[in-house]
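Heads up, the thing below is written out as C-alpha cells.
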Amino acid sequence: VQLQASGGGLVQAGGSLRLSCAASGRSFGNYVMGWFRQAPGKEREFVAAINRSGGTTLYAESVKDRFTISRDNAKSTTSLQMNSLKPEESAVYYCAMGSGWSMDARPYAYWGQGTQVTVSS
C-alpha cells in the first residue's frame with residue numbers, strides 16, 4: 001500500500017488549505033481513512049476519520065465545524081478541507097488507512113509520508 005499526501009503549505013491564520021491523499025495497492029473502499037497530525041515535540045494526534053462508504057465521519061473536538069473529511073472511492077482518494085486555521089495547528093499532517101473505526105492510531109496499518117502545514121500568525 002502506498003499513500004501519498006499532498007496539499008500542505010504556508011497559510012495565514014484564518015486561512016484555508018485542502019489536503020489530499022491518494023492510495024494505491026489495496027481495495028480503497030474496504031478501509032477506514034483517517035488524518036492525524038504531529039507538531040514538533042508533541043505526540044501524533046487524531047484529526048478526522050471517515051468510514052468505508054463515506055457516510056460517517058469523526059472529528060477531534062478541536063477541529064469540529066472547521067475541518068471536513070471526504071473520500072472518493074472511485075478515485076481512491078481522501079481529502080481534508082481545513083478552514084479557519086490557527087497557528088497552533090502547524091504540524092505534519094498524515095493520512096492513514098486502517099480497518100478499525102477509532103481515534104487511536106493503532107488500527108491504522110498504513111501511513112502516508114506526511115505533508116507540512118504551517119499557519120502563520
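- Contact between W101 and A49 at its shortest, heavy atoms only, is CH2-O, 3.8 Å.
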For this session: Could you give me the CA-CA distance, side-chain angles and deciding distance for L80 and T68, then say whether side-chain contact (heavy atoms from CB on, under 4.5 Å) is met?
Result: CA-CA 6 Å; L80 184 69; T68 302; over 6 Å; no
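- A donor-acceptor pair under 3.5 Å is formed between the side chain of S53 and the backbone N or O of G55.
- A continuous path of hydrophobic side-chain contacts links Y110 to M33 [ILVMFWY only; heavy atoms under 4.5 Å].
- A heavy-atom distance below 4.5 Å is found between the side chains of S70 and R18.
- Residues L19 and M82 form a side-chain contact, since some pair of their non-hydrogen atoms from C-beta on lies under 4.5 Å apart.
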Just list the side-chain donor-acceptor pairs under 3.5 Å for residues 34-42, sequence neighbours left out, or say none.
| unit_1 | atom_1 | unit_2 | atom_2 | d |
| --- | --- | --- | --- | --- |
| R37 | NE | E45 | OE2 | 2.6 |
| R37 | NH1 | E89 | OE2 | 3.3 |
| R37 | NH1 | Y93 | OH | 3.0 |
| R37 | NH2 | E45 | OE2 | 3.2 |
| Q38 | NE2 | K42 | O | 3.0 |

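- No more than 12 heavy atoms of other residues, nucleotides or ligands sit less than 6.0 Å from atom CG of D65.
- Every pair tested for ring pair (Phe, Tyr, Trp, His ring centres under 6.0 Å) that includes a residue from residues 49-92 fails, sequence neighbours excluded, so the list is empty.
- Residues L3 and C21 have side chains in contact (heavy-atom distance under 4.5 Å, counting atoms from C-beta outward).
- Shortest non-hydrogen contact noted between G15 and V11 is CA-CG2, 3.8 Å.
- Between atom CD of residue Q4 and atom OG of residue S24 there is a gap of 9.0 Å, rounded to the nearest 0.5 Å.
- At distances below 3.5 Å, at least one donor-acceptor pair connects side-chain atoms of R66 with backbone N or O atoms of S62.
- Under the 3.5 Å distance criterion, with hydrogens and angles disregarded, no donor-acceptor pair is assigned to the side chains of T77 and D72.
- Side-chain contact between F28 and M97 is present, with at least one heavy-atom pair separated by less than 4.5 Å.
- You'll find the side chain of Y108 reaches within 4.5 Å of the side chain of V32, heavy atoms only.
- Distance alone, capped at 3.5 Å, is enough to place a donor-acceptor pair between the N51 side chain and the T56 backbone.
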Atom pairs and distances, side-chain donor-acceptor, residues 113-121, under 3.5 Å, sequence neighbours left out:
| unit_1 | atom_1 | unit_2 | atom_2 | d |
| --- | --- | --- | --- | --- |
| Q113 | OE1 | A5 | N | 3.3 |
| Q113 | NE2 | A5 | O | 3.0 |
| T115 | OG1 | G8 | N | 3.1 |
| Q116 | NE2 | A91 | O | 3.4 |
| Q116 | NE2 | T118 | OG1 | 3.4 |

For this session: Please lay out, stage by stage, how S79 and R71 fare under the test side-chain contact (heavy atoms from CB on, under 4.5 Å).
Result: CA-CA 6 Å; S79 296; R71 68 187 294 161; over 6 Å; no
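- Here the closest non-hydrogen pair linking V47 and V63 is O-CG2, 3.5 Å.
- Taking the ring axis of Y31 as reference, the NZ or CZ atom of R52 does not stay both within 45° of it and closer than 6.0 Å to the ring centre.
- Contact check for L85 versus L17: side-chain heavy atoms found under the 4.5 Å cut-off.
- Contact detail for L58 and F46: the closest heavy-atom pair is O-CZ, 3.6 Å.
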